[in-house]
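Below is one structure; the comments refer to it alone.
Each ligand, and each atom within it, is numbered from 1 in the order the structure gives.
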Amino acid sequence: MASPVRPAGIVSIASHAPEKVLTNFDLEKMVDTSDEWIRTRTGIVERHIVADHECTSDLALEASRKAIARAQVSPDEIDLIIVATVTPDFPFPATACLVQERLGASRAGAFDLQAGCTGFIYALTVAAQFVSSGAMDTVLVIGADCLSRITDWTDRTTCVLFGDGAGAAVVRPVEAGRGLLAFDLGSDGSGSELLQVEVGGAKVPITQEMVAQKRQFISMSGNEVFRFAVRAMGESAERAMARCGITSEDVGCYIPHQANLRIIDSAAKRLHAPTDKVIVNVDKYGNTSCASIPLAFDEAVQDGRIKSGDIVVCVGFGAGLTWGSCVIQW
Ligand code: ACO
């Protein structure tokens with residue numbers, strides 16, 4: 001990988017989850033499931049769910065306000081806003097434009113990026129290219145999703161897995177040796193049907209018949225996605241680490257996409273990552289899609305598990321299929 005013109009990195013990170021908490025015991029009253037089944041198969045204990053009046057841009061805005069305050073950046077210094085999401089407020093306009101207006105980021109360009117649950121890693125990588133090239137100085141990267149809005153709450157095989165949330169990071173030039181050291185991005189569209197929302201796009205428009213069949217919700221081949229996820233996360237993180245010449249001994253912590261504790265444990269084993277170096281908060285939030293990595297990142301920075309100078313490896317997978325990882329010196 002060519003050396004960047006100037007190093008780019010995250011100078012602040014923040015997150016936000018909606019107030020309402022839905023526990024496994026609440027789900028026991030909604031579908032034929034149990035706290036025990038959900039805990040042992042997924043590691044999830046509870047998740048946050050948006051209220052009726054909230055949506056993706058609301059969560060994105062809250063996380064963004066915290067991130068720019070922490071970075072001591074004013075809204076008019078932001079050059080670009082990228083929102084990674086699979087649940088935009090609307091098919092168009094982009095959720096990034098809604099955030100731009102509400103933040104008062106009058107100089108910023110804005111667009112949404114769709115790469116399934118790997119969206120935050122893709123967006124971070126794109127942002128770093130603009131900053132490294134010198135084309136821009138300040139990019140706001142947001143991962144935000146309300147999977148609760150595309151979940152069939154009568155389907156026990158999916159509804160126990162998901163939650164809502166947002167994370168935001170400010171990407172700027174950083175001192176030499178810091179920031180984004182390497183990345184790996186990949187995709188395999190042959191697996192597109194393993195994880196999808198089939199209806200509501202240009203191919204299969206929404207009709208009453210489609211809605212009656214509940215085809216506007218997430219459908220997933222859980223076992224296939226599980227196997228893919230373990231392999232893709234392990235291989236992607238290994239590639240990114242090799243590109244900047246580090247080994248697992250150099251890594252301060254890993255931040256995997258928080259989909260399922262068993263997926264995280266299996267990928268960690270493959271990477272020879274000790275448990276205490278793997279950030280896990282899937283128990284509290286479930287799978288929040290594009291928000292999952294920044295939610296875990298923010299938590300680990302705030303509680304001191306990530307310290308200045310640590311090497312952090314973020315790694316994710318998602319619908320597409322997609323995968324990606326990045327190595328960051330904090
Ligand atoms: N409660 C109780 N039983 C359940 C539940 C539930 N919530 N869900 C499924 N079961 C049952 C099944 O019906 C099945 O019963 P059967 O044996 O009588 O047929 C049994 O439990 C086992 O089902 P499996 O699907 O084999 O269970 P598994 O151990 O594979 O776990 C899971 C399922 C948790 C979905 C797992 O496969 C997984 O995590 N896959 C990856 C999911 C993922 O990461 N998705 C990414 C989504 S990202 C996005 O959508 C944006």
Side-chain angles (χ1 to χ4, degrees), residues 22-47 56 84-88 112-123 143-166 187-188 191-201 214-234 236 256-268 280 282-283 285-293 295-296 315-324:
L22 188 72
T23 67
N24 291 349
F25 297 106
D26 295 326
L27 281 163
E28 284 181 353
K29 295 176 201 137
M30 296 162 61
V31 287
D32 180 15
T33 191
S34 67
D35 172 58
E36 204 262 331
W37 192 97
I38 303 170
R39 269 177 206 258
T40 53
R41 300 291 177 122
T42 71
I44 300 166
V45 176
E46 59 187 31
R47 68 289 288 144
T56 301
T85 185
V86 300
T87 51
D112 287 0
L113 182 154
Q114 217 274 53
C117 299
T118 322
F120 185 78
I121 289 178
Y122 268 73
D145 267 310
C146 294
L147 289 187
S148 66
R149 287 282 156 75
I150 54 168
T151 296
D152 177 359
W153 288 100
T154 65
D155 174 9
R156 69 175 184 172
T157 67
T158 54
C159 77
V160 302
L161 304 175
F162 304 125
D164 302 332
S187 67
D188 177 8
S192 61
E193 289 175 7
L194 296 179
L195 189 51
Q196 67 174 353
V197 175
E198 190 192 354
V199 164
K214 299 186 171 178
R215 285 162 69 183
Q216 75 277 30
F217 295 126
I218 297 172
S219 71
M220 179 178 79
S221 304
N223 291 320
E224 277 107 321
V225 173
F226 192 105
R227 282 194 297 277
F228 151 73
V230 173
R231 183 177 43 80
M233 288 215 292
S236 181
H257 172 44
Q258 308 283 310
N260 178 320
L261 186 58
R262 289 188 298 140
I263 294 176
I264 294 172
D265 285 346
S266 303
V280 175
V282 69
D283 50 324
Y285 297 102
N287 178 352
T288 56
S289 188
C290 293
S292 109
I293 287 177
L295 263 167
V315 53
F317 70 93
L321 298 167
T322 59
W323 56 87

- What one should report as the nearest heavy-atom pair of Phe317 and Ala259 is CZ-CB, 3.7 Å

- Message: Less than 4.5 Å apart, side chain to side chain, heavy atoms only: is that true for Leu22 and Met30?
- Response: yes

- Could you tell me whether the side chains of Thr288 and Asp145 share a donor-acceptor contact shorter than 3.5 Å? no

- Item | Heavy atom of protein closer than 4.0 angstrom to atom 10 (N) of ligand 1 | yes

- Item | Within-4.5 Å side-chain heavy-atom neighbours: Phe120 and Leu113 | no

- Message: I'd like to check atom 16 (P) of ligand 1 in this structure: does the protein have a heavy atom lying under 4.0 Å from it?
- Response: no

- Query: Nearest protein heavy-atom contact for atom 12 (C) of ligand 1: which residue, which atom, what distance?
  - Reply: Arg156 NH2, 3.9 Å

- Option whose closest heavy atom lies nearest to atom 40 (N) of ligand 1, chosen from Cys159, Gly316, Ser289, Gly222: Gly222

- Query: What part of Ile263 sits under 4.0 Å from ligand 1 if we count only heavy atoms: the side chain, the backbone, both or neither?
  - Reply: side chain

- Does ligand 1 have an atom under 4.0 Å from some heavy atom of Val86? no

- Nearest heavy atom to atom 48 (S) of ligand 1 wins, so pick from Ser219, Gly119, Cys117, Ser34. Cys117

- Task: Using a 4.0 Å heavy-atom threshold (strictly under), name the region of Phe317 that reaches ligand 1: side chain, backbone, both or neither.
- Result: side chain

- Item | Location of contacts on Asn287 toward ligand 1, heavy atoms closer than 4.0 Å | side chain

- dist Asp32:CG -> Trp37:CH2 (nearest 0.5 Å) comes out at 11.0 Å

- Item | Side-chain touch Val160/Ile44, heavy atoms, less than 4.5 angstrom | no

- Is it the side chain, the backbone, both or neither of Asn260 that has a heavy atom closer than 4.0 Å to ligand 1? side chain

- Ignoring angles and geometry beyond distance, decide whether His257 reaches within less than 3.5 Å of ligand 1 through its nitrogen or oxygen atoms. no

- Task: Between Asn24, Leu161, Asp35, Asn223, flag the one that comes closest to atom 26 (O) of ligand 1 by a heavy atom.
- Result: Asn223

- Item | side-chain hydrogen bond (donor to acceptor under 3.5 Å, both in side chains) partner of Asp35, the single match among Thr23, Thr40, Asn24 | Asn24

- Item | Protein non-hydrogen atom found under 4.0 Å from atom 42 (C) of ligand 1 | yes

- Show your working on side chain to side chain contact (heavy atoms under 4.5 Å, CB included) between Ser148 and Trp153 and close with a plain yes or no. CA-CA 8 Å; Ser148 66; Trp153 288 100; 3.7 Å; yes

- Query: How many angstroms lie between atom SG of Cys117 and atom CG of Leu321, to the nearest 0.5 angstrom?
  - Reply: 10.5 Å

- Task: Check each atom of ligand 1 against the heavy atoms of Ala259 and keep those under 4.0 Å away; list them by number with element.
- Result: 44 (O)

- Item | Val160: numbered ligand 1 atoms lying under 4.0 Å from its heavy atoms | 7 (N)

- Ligand-side contact atoms (ligand 1) for residue partner Met220, heavy atom cut-off under 4.0 Å: 35 (C), 42 (C), 43 (C), 45 (N), 47 (C)

- Query: Does atom 29 (O) of ligand 1 have a protein non-hydrogen atom under 4.0 Å from it?
  - Reply: yes

- Message: Contact between ligand 1 and Thr42 is defined here as a heavy atom of the residue under 4.0 Å from a ligand atom; is it met?
- Response: yes

- Query: Does the protein put a heavy atom under 4.0 Å from atom 22 (C) of ligand 1?
  - Reply: yes

- Residue, atom and distance of the protein heavy atom nearest atom 50 (O) of ligand 1 read Leu195 CD1, 3.4 Å

- Task: Return yes if some donor-acceptor pair links the side-chain N/O of Arg156 with the main-chain N/O of Val31 below 3.5 Å, else return no.
- Result: no

- Distance-minimising heavy-atom pair for Gln114 and Val86: OE1-CG1, 4.0 Å

